[in-house]
Structures are given as structure tokens and as C-alpha cells.
Amino acid sequence: MYDYDLLVVGSANADLVTVVERRPAAGETVLGSDLVVHPGGKGANQAVAAARLGARTALLARVGNDGHGRLLLDSMRDAGVDTVGVLVGGAPTGVALITVDPSGDNSIVVSPGANGRLSPEDIRAAGSLFQAARVVSAQLEIPLESVVEVVRNLSPEGRFVLNPSPPRPLPREVLAACDPLIVNEHEARVIAGADAELGDSPEDWAKTLLALGPRSVVITLGAEGALIAVRAGERVRVPSVPVEAVDTTGAGDAFTAALAWRLGAGESLAQAAGYAARVGAAAVTRPGAQDSFPTSQEVEALCCALPGDTPRTPGRKSGSGQSTGETVRGEFQ
């Protein structure tokens with residue numbers, strides 16, 4: 001009997017956001033809006049997303065002994081994440097400094113802080129968490145050597161899900177453990193390597209990536225949905241879900257968390273990806289990252305439009321006139 005449906009190993013950041021009329025040139029100072037602080041980081045995002053859906057979730061991460069660290073811990077606990085694996089101290093909490101201009105374009109500077117101190121020794125010391133988890137999910141906002149140690153500490157029957165973001169070349173030991181490796185086109189090209197002939201279609205990309213060792217691959221395609229591919233030869237396209245998108249921030253983390261959880265519940269990769277597409281779509285109907293993550297009830301309420309119907313946000317009746325904005329596909333790159 002596993003104590004956790006999902007163990008997430010990864011980053012926890014405080015996102016510091018200000019809106020500016022324009023981004024400053026070198027040596028220039030511009031005024032911004034009031035600073036807004038949000039809990040973030042791909043690891044914390046995935047843990048919160050899974051817990052909101054009802055998964056028994058734990059996070060292995062490191063934050064600083066400071067106000068930002070307390071913000072993150074409070075946010076995760078409020079969502080139902082078990083923070084027994086969140087280490088405190090060693091460096092200030094990681095921070096993302098984000099400026100947003102009127103067009104919505106942003107510039108981001110990340111100070112990894114405590115995320116960069118999540119060491120292989122920390123991973124080994126948390127061995128009991130790995131033995132207690134059905135599925136382990138990771139990203140690359142922590143040191144790569146720590147991700148390698150994650151793979152080495154998986155339980156014999158544990159399943160490893162990796163979203164290699166930000167992307168970098170991966171050792172074969174990590175690639176061989178991925179089931180699945182979740183990438184968008186840019187990440188696929190980085191993982192494949194500069195000399196690789198990736199091909200023109202997502203099916204070609206999947207073939208190239210599978211040759212590197214993963215047991216399965218999921219390629220997210222934005223408005224075109226996703227492609228799943230397994231070593232045995234299965235290739236399945238998962239359609240996106242039409243919704244009125246407000247903000248795509250964090251949708252990829254919600255997608256990955258949902259997929260990992262459903263795999264641990266015994267669903268096939270195609271079934272899990274289909275559910276994850278709905279979760280990612282629900283997440284883009286609200287602004288922000290963690291604030292936008294849906295509950296399982298909200299996912300169930302999400303209506304996929306039938307011919308002649310109007311896509312809608314969770315909990316709204318089709319044709320009620322309550323929803324405004326452009327209807328687009330939910331993107332979860």
C-alpha cells in the first residue's frame with residue numbers, strides 16, 4: 001500500500017510580478033505597478049495541481065527560512081500537499097522576477113536560491129518518500145545531479161515522469177527511466193541534440209526521442225493537443241479541449257501533474273493524457289498559476305463543445321451568455 005499517489009521532486013519559487021509600460025533599456029529605470037507575489041516554481045505547481053485534483057501528494061524541495069518560504073509552505077498545505085519533504089534553509093527561497101508589458105510579453109530573471117541547493121544527499125536522505133510513492137515526477141529547475149539521484153532512488157515498481165524544463169541534454173540513465181518523457185517541440189529539439197535529425201512531424205520527433213531510451217514520450221502541441229508514443233509502437237493523438245483561455249501560465253504543470261496521477265491510478269497513457277488535457281484546459285480559464293488549478297469536480301464540469309455548442313468555463317451553462325472572450329483551444333505546452 002502506497003502512502004502517496006504522487007511524489008513531486010522539484011523547485012519552489014516566489015514569483016514577484018510587476019506590470020510596466022515598457023521594459024527598460026540598459027541603464028534605464030522605469031516605474032511599474034504594485035508588486036504582486038505569487039507562489040510558483042514547477043515543482044510546487046505540480047504538487048498543488050495534483051493535490052487539488054484529490055491525489056495524495058508529497059513534495060521534496062528546498063525553500064529558504066524567510067517570508068517567501070513561509071508563503072510557499074502555506075500555499076502547499078492549504079492545497080493539501082504533504083510538505084514533510086520540504087527542507088528549509090541553506091539559501092534564500094528561489095525567486096522569479098517578472099516584468100509584464102501591456103501586450104502581455106514578459107521578461108523573467110530567476111534566482112534559483114534554495115532550489116540550487118537541493119542536493120543528491122538530500123534526495124538519498126528522503127529514501128522513505130520514494131518507497132512510499134506510486135509515481136515520482138520531476139523537472140529540471142533543480143540540479144541535474146539531483147535528478148539523476150531521483151532515478152537511482154525509485155522504488156522497484158515506481159514510475160518516473162519527467163518534464164525536462166528548462167531543457168538541457170540528459171544522461172542516458174535518466175532518459176531510460178522516463179515513462180513518460182513530456183516535452184514540447186523546443187524541449188524535444190534540445191533533448192535530441194543539435195546534431196539530431198528530428199524530422200518534420202511530431203511522430204518523427206517521438207521516434208527520435210524513443211531511440212534515446214525513454215519507455216514512452218508525450219509531446220505537447222499547444223492548440224493541436226498532444227501526441228503519445230510508446231516503445232512498443234503505439235502512437236495516439238490526444239485532442240485539445242476548446243475553452244475560453246484567459247491565461248496559460250502553469251497549464252503545462254497542471255497537465256503533467258494530472259497525467260502522472262492518473263498513471264498511478266492505473267490508467268493507460270492515452271487515458272491519462274486525455275484527462276490531463278481537460279485539466280490543462282480548465283487551468284487556462286482563470287488567471288495565474290496555482291490559483292488557476294482546478295479541482296476534480298471542476299474538471300468534470302468542463303464541457304467540451306459539441307457541434308453547434310459553445311465551449312465554456314467550468315460550472316457555466318452553455319449559451320447562458322455568462323462567458324465572454326475568444327474561444328480557443330486550451331494550450332499546455
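These numbers come from the heavy atoms of this one structure, side chains and all, not from hydrogens, waters or symmetry mates. The structure displayed is predicted, hence computed values, not measured ones.
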Hey, does the side chain of [X] reach the backbone of [Y] with a donor-acceptor pair shorter than 3.5 angstrom?
| X | Y | value |
| --- | --- | --- |
| Gln271 | Ser268 | yes |
| Arg278 | Val299 | yes |
| Thr18 | Ser33 | yes |
| Thr57 | Ala55 | yes |
| Arg172 | Leu212 | yes |
| Ser146 | Leu118 | yes |
| Ser216 | Val230 | no |
| Arg56 | Tyr2 | yes |
| Asp5 | Arg134 | no |

Could you measure the distance from the [atom1] atom of [X] to the [atom2] atom of [Y]? Nearest 0.5 Å is fine.
| X | Y | atom1 | atom2 | value |
| --- | --- | --- | --- | --- |
| Leu263 | Phe160 | CG | CZ | 13.5 Å |
| Leu175 | Leu162 | CG | CG | 8.0 Å |
| Asp15 | Gln290 | CG | CD | 8.5 Å |
| Asn153 | Ile123 | CG | CD1 | 7.5 Å |
| Gln46 | Phe293 | CD | CZ | 8.5 Å |
| Phe130 | Leu60 | CZ | CG | 5.5 Å |

Q: Evaluate side chain to side chain donor-acceptor pair (under 3.5 Å) for Thr93 paired with Asp66, printing each intermediate quantity in order.
A: CA-CA 7 Å; Thr93 301; Asp66 50 33; 2.6 Å; yes
In plain terms, say whether [X] and [Y] are close enough for a salt bridge, that is, a side-chain N and a carboxylate O under 4.0 Å apart.
| X | Y | result |
| --- | --- | --- |
| Glu28 | Arg23 | no |
| Arg262 | Glu267 | yes |
| Asp179 | Arg159 | yes |
| Glu173 | Arg152 | yes |
| Arg189 | Glu185 | yes |
| Asp122 | Arg62 | yes |

(Q) Please check if the number of heavy atoms outside Leu35 that lie under 6.0 Å from its CG is greater than 12. (A)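 For Leu35, atom CG is crowded (more than 12 foreign heavy atoms under 6.0 Å).
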Q) Near Glu21 CD, under 6.0 Å, is it more than 12 heavy atoms from other residues, nucleotides or ligands? A)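 It does not: Glu21 CD has 12 such atoms or fewer within range.
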same_hphob_cluster([X], [Y]) at 4.5 Å side-chain heavy-atom cutoff:
| X | Y | answer |
| --- | --- | --- |
| Leu71 | Leu59 | no |
| Val86 | Val95 | no |
| Val110 | Val100 | yes |
| Met76 | Val37 | no |
| Val183 | Leu144 | yes |

Q | side-chain contact (heavy atoms from CB on, under 4.5 Å) evaluation trace for Leu53 with Thr295 | A | CA-CA 5 Å; Leu53 292 169; Thr295 64; over 6 Å; no
Check whether any side-chain heavy atom of [X] sits under 4.5 Å from a side-chain heavy atom of [Y], and report yes or no.
| X | Y | result |
| --- | --- | --- |
| Val20 | Leu31 | no |
| Leu259 | Tyr275 | no |
| Ile228 | Val217 | no |
| Ile142 | Val147 | yes |
| Thr29 | Pro24 | no |
| Ile219 | Glu187 | no |
| Val161 | Val135 | yes |
| Ser165 | Glu141 | no |

Between [X] and [Y], which heavy-atom pair has the shortest distance, and what is it?
| X | Y | result |
| --- | --- | --- |
| Arg215 | Ala176 | NE-O, 3.4 Å |
| Ala254 | Ala49 | CA-CB, 3.9 Å |
| Ala79 | Ala51 | O-CB, 3.3 Å |
| Val84 | Leu129 | CG1-CD2, 4.0 Å |
| Ala14 | Leu72 | N-CD1, 4.1 Å |
| Asn115 | Ser11 | OD1-CA, 3.2 Å |

(Q) My understanding is that only residues two or more places apart in sequence, or in another chain, count here; which of them pass side-chain contact (heavy atoms from CB on, under 4.5 Å) with Pro169? (A) Val190
Verify the distance criterion only: is there a donor paired with an acceptor across the side chains of [X] and [Y] at less than 3.5 Å?
| X | Y | result |
| --- | --- | --- |
| Asp204 | Ser201 | yes |
| Asn163 | Thr256 | no |
| Gln131 | Ser155 | no |

(Q) I'd like to know whether Leu97 forms a side-chain contact (heavy atoms from CB on, under 4.5 Å) with Val17, so could you lay out the CA-CA distance, the side-chain angles of the two residues, the decisive distance to 0.1 Å, and finally the verdict. (A) CA-CA 6 Å; Leu97 307 171; Val17 184; over 6 Å; no
Q: Check the pair Asp253 / Lys42 against salt bridge (charged side-chain N to carboxylate O under 4.0 Å, His left out), numbers first and verdict last.
A: CA-CA 6 Å; Asp253 295 329; Lys42 295 189 75 64; 2.6 Å; yes
Q) Between Glu224 and Arg237, does a side-chain contact (heavy atoms from CB on, under 4.5 Å) hold up when you go through it step by step? A) CA-CA 9 Å; Glu224 297 179 14; Arg237 287 275 190 152; 4.2 Å; yes
Q: For Leu16 and His68, run side-chain contact (heavy atoms from CB on, under 4.5 Å): C-alpha distance rounded to whole Å, both residues' side-chain angles, the deciding distance at 0.1 Å, then the answer.
A: CA-CA 10 Å; Leu16 279 57; His68 291 150; 4.0 Å; yes
